There are 2 protein chains.
Amino acid sequence: MPKNCNFIEKLREVGLRPTKQRVKMCEVLFNREKTFHFTINDLVKLLSEKMNQKISLATVYNTVHAFEKKGYLKEISIDSHKSYFDTNTSAHHHFFDEDTHELIDCDESDIDKINIRKNITGKKINSVEVLVRVASDNQTQK
Amino acid sequence: MPKNCNFIEKLREVGLRPTKQRVKMCEVLFNREKTFHFTINDLVKLLSEKMNQKISLATVYNTVHAFEKKGYLKEISIDSHKSYFDTNTSAHHHFFDEDTHELIDCDESDIDKINIRKNITGKKINSVEVLVRVASDNQTQK
DNA sequence: ATCTACATTATAATAATTCTAAACTATTGA
DNA sequence: TCAATAGTTTAGAATTATTATAATGTAGAT
Ligand SMILES: [Mn+2]
Ligand SMILES: [Mn+2]
Ligand SMILES: [Zn+2]
Ligand SMILES: [Zn+2]
């Protein structure tokens with residue numbers, strides 16, 4: 001668990017200026033054991049409440065999209081009404097908990113490799129991702 | 001290819017009043033050979049241009065959601081910025097063409113049955129769906 | 001220390017969706 | 001048949017998420 005990692009370096013490497021705001025965002029996003037799934041609002045709340053970093057909403061949007069473009073973050077579509085982001089930028093599968101609206105990553109080993117038999121002329125496959133929707137089991141019990 | 005199907009009956013059966021607007025929408029949505037994937041805007045445009053049915057946007061939203069609740073339509077999440085709907089309400093897989101933003105259904109036979117090894121305590125699986133993103137092949141050709 | 005390009009900010013603008021409340025209509029049953 | 005009623009459509013306002021604008025601030029270079 002590396003505390004103040006060298007995010008300044010990391011940002012420089014991809015050509016983003018290591019501003020105070022971006023470094024703080026890196027700490028919130030990447031100083032973690034596990035993949036982090038979040039919405040813009042989650043992130044704003046974390047920054048202001050846990051990190052005491054006042055930051056404008058526009059900057060959070062801009063910076064998240066800058067990180068996305070540079071390959072630090074990936075946008076996930078599970079709900080057409082909200083944007084989720086993911087610190088795991090590889091193509092991977094998810095469980096989505098419909099009760100809590102939480103995303104959980106699947107390990108490679110959790111799902112067999114998907115075999116696509118159909119192919120679409122002139123098109124190549126960019127990614128294959130599975131979404132497993134789960135919900136509480138006890139509501140159907142008598 | 002049934003022309004003016006009995007949508008009035010169909011609507012009554014699930015407890016929706018067969019108003020002029022709903023019947024027209026049924027014709028647009030369900031009088032088809034194949035699955036139809038659309039956005040609210042697609043639908044409004046079809047209704048006004050092809051069917052000559054002036055209809056308020058609020059009614060299209062309300063009616064699409066009424067249909068969704070009754071199981072006639074299903075909402076699909078491929079893009080967090082837009083809502084797509086599907087006349088195929090079963091859990092099924094899709095190709096998404098990133099060039100044209102078109103959805104294409106997968107047949108059962110196109111993808112092997114997905115085997116999920118992980119299970120989440122207290123949660124049951126509601127659906128397992130695969131999204132295959134495809135894009136034009138020729139841009140990577142030299 | 002100064003310069004310059006890039007970033008942040010508050011705020012305004014836009015776009016998608018939902019709400020509101022009035023007008024309308026399909027159904028019921030007197 | 002025809003009013004009563006419950007549900008529906010509508011225009012327009014409101015809300016929410018997101019993006020644009022333009023002024024101010026700052027990191028990195030010289
Ligand atoms: Mn986005
Ligand atoms: Mn919806
Ligand atoms: Zn993930
Ligand atoms: Zn479909």
Side-chain angles (χ1 to χ4, degrees), chain A residues 6-29 37-45 47-48 51-70 72-85 101, chain B residues 6-29 37-45 47-48 51-70 72-85 101:
Chain A
N6 205 343
F7 291 124
I8 293 178
E9 286 297 304
K10 195 177 172 184
L11 287 167
R12 280 218 180 89
E13 271 163 27
V14 294
L16 292 176
R17 283 196 181 168
T19 60
K20 185 175 67 197
Q21 291 83 352
R22 282 182 179 155
V23 173
K24 266 283 179 328
M25 279 186 57
C26 281
E27 287 174 21
V28 170
L29 295 174
H37 300 103
F38 64 94
T39 64
I40 296 286
N41 268 341
D42 295 337
L43 186 51
V44 171
K45 206 172 281 178
L47 281 162
S48 79
M51 302 298 279
N52 236 61
Q53 173 66 62
K54 188 217 163 306
I55 187 168
S56 88
L57 189 58
T59 297
V60 178
Y61 274 103
N62 291 341
T63 307
V64 163
H65 284 125
F67 285 171
E68 188 188 6
K69 195 177 305 174
K70 294 301 183 178
Y72 286 7
L73 292 175
K74 183 183 174 187
E75 193 165 5
I76 304 289
S77 303
I78 2 91
D79 179 338
S80 331
H81 306 153
K82 220 181 273 178
S83 278
Y84 281 74
F85 292 88
H101 286 193
Chain B
N6 205 343
F7 292 124
I8 292 176
E9 288 296 303
K10 193 175 172 186
L11 287 166
R12 282 224 176 85
E13 270 162 27
V14 294
L16 292 175
R17 281 194 183 170
T19 61
K20 184 176 64 197
Q21 291 82 351
R22 282 180 179 154
V23 174
K24 267 281 174 336
M25 278 185 58
C26 282
E27 287 173 21
V28 171
L29 295 174
H37 299 103
F38 64 95
T39 65
I40 295 287
N41 268 342
D42 295 337
L43 186 51
V44 170
K45 206 172 282 179
L47 281 162
S48 80
M51 301 298 279
N52 236 62
Q53 173 65 64
K54 188 221 164 301
I55 186 168
S56 88
L57 190 57
T59 296
V60 178
Y61 274 102
N62 291 340
T63 308
V64 164
H65 284 126
F67 284 168
E68 188 188 7
K69 194 176 307 174
K70 294 302 182 178
Y72 285 8
L73 291 175
K74 184 182 173 186
E75 194 166 3
I76 304 288
S77 303
I78 0 91
D79 179 339
S80 330
H81 306 153
K82 220 182 270 176
S83 278
Y84 281 73
F85 293 88
H101 286 192

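Given the structure is predicted, the values throughout are model-derived calculations rather than measurements. Numbers restart at 1 for each chain; the letters A, B, ... are given by sequence-line order, proteins then strands. Heavy atoms only: backbone and side chains are in, while hydrogens, waters and symmetry mates are out.
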Output one letter per nucleotide in nucleotides 11-19 of chain D: B when a protein non-hydrogen atom lies under 4.0 Å from the base, S when only the sugar-phosphate is that close, - when neither is. B-----SBB
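- When rounded to the nearest whole Å, the span between CZ of A:Arg22 and P of D:dA27 equals 12 Å.
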Would you please test A:Ser77 and B:His81 for side chain to side chain contact (heavy atoms under 4.5 Å, CB included) and show each step? CA-CA 9 Å; A:Ser77 303; B:His81 306 153; over 6 Å; no
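- Between the P atom of C:dT18 and the CD atom of B:Glu68 lies a distance of 10 Å, rounded to the nearest Å.
- As a whole-Å value, the separation of B:Phe38 CZ from C:dA16 P is 16 Å.
- OP1 or OP2 of D:dT10 has at least one side-chain nitrogen or oxygen of B:Gln21 nearer than 4.0 Å.
- Picking from D:dT9, C:dT8, C:dT27 the nucleotide with the shortest atom distance to the side chain of B:Thr59 gives D:dT9.
- Straight-line distance from the NZ atom of A:Lys24 to the C1' atom of C:dT8: 16 Å, rounded to whole Å.
- In this structure, A:Lys70 atom NZ and C:dC6 atom C1' are separated by 12 Å, rounded to whole Å.
- Just one residue in the list A:Ile76, A:Leu73, A:Val28 forms a side chain to side chain contact (heavy atoms under 4.5 Å, CB included) with A:Phe38, and that residue is A:Leu73.
- Between A:Arg12 and D:dG28 there is a side-chain polar atom (N or O) within less than 4.0 angstrom of OP1 or OP2.
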Kindly indicate, with the supporting measurements, whether the criterion side chain to side chain contact (heavy atoms under 4.5 Å, CB included) is fulfilled by B:Arg22 and B:Leu16. CA-CA 9 Å; B:Arg22 282 180 179 154; B:Leu16 292 175; 3.9 Å; yes
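- Between the C1' atom of C:dT8 and the CG atom of A:Leu11 lies a distance of 15 Å, rounded to the nearest Å.
- Qualifying side chain to side chain donor-acceptor pair (under 3.5 Å) partners for A:Thr59, counting only residues two or more places apart in sequence or in other chains: A:Ser56.
- With A:Tyr72 as reference, A:Phe67 is the one residue of A:Phe7, A:Phe85, A:Phe67 to meet the ring-ring contact (aromatic ring centres under 6.0 Å, His included) rule.
- Residue B:Arg17 places no side-chain N or O under 4.0 Å from the OP1 or OP2 atom of C:dT25.
- In this structure, CD1 of A:Ile8 is placed 13 Å from C1' of D:dG28, rounded to the nearest angstrom.
- One finds the OG1 atom of B:Thr19 at 9.5 Å from the CE atom of B:Met25 (value rounded to the nearest 0.5 Å).
- Using a distance-only test at 3.5 Å, with no hydrogens or angles considered, no donor-acceptor pair links the side chain of A:Arg12 to the main chain of A:Pro18.
- Counting to the nearest Å, the P atom of C:dT8 and the CG atom of A:Leu47 are 12 Å from each other.
- The side chain of B:Thr19 places no N or O atom within less than 4.0 Å of a non-bridging phosphate oxygen (OP1 or OP2) of C:dT25.
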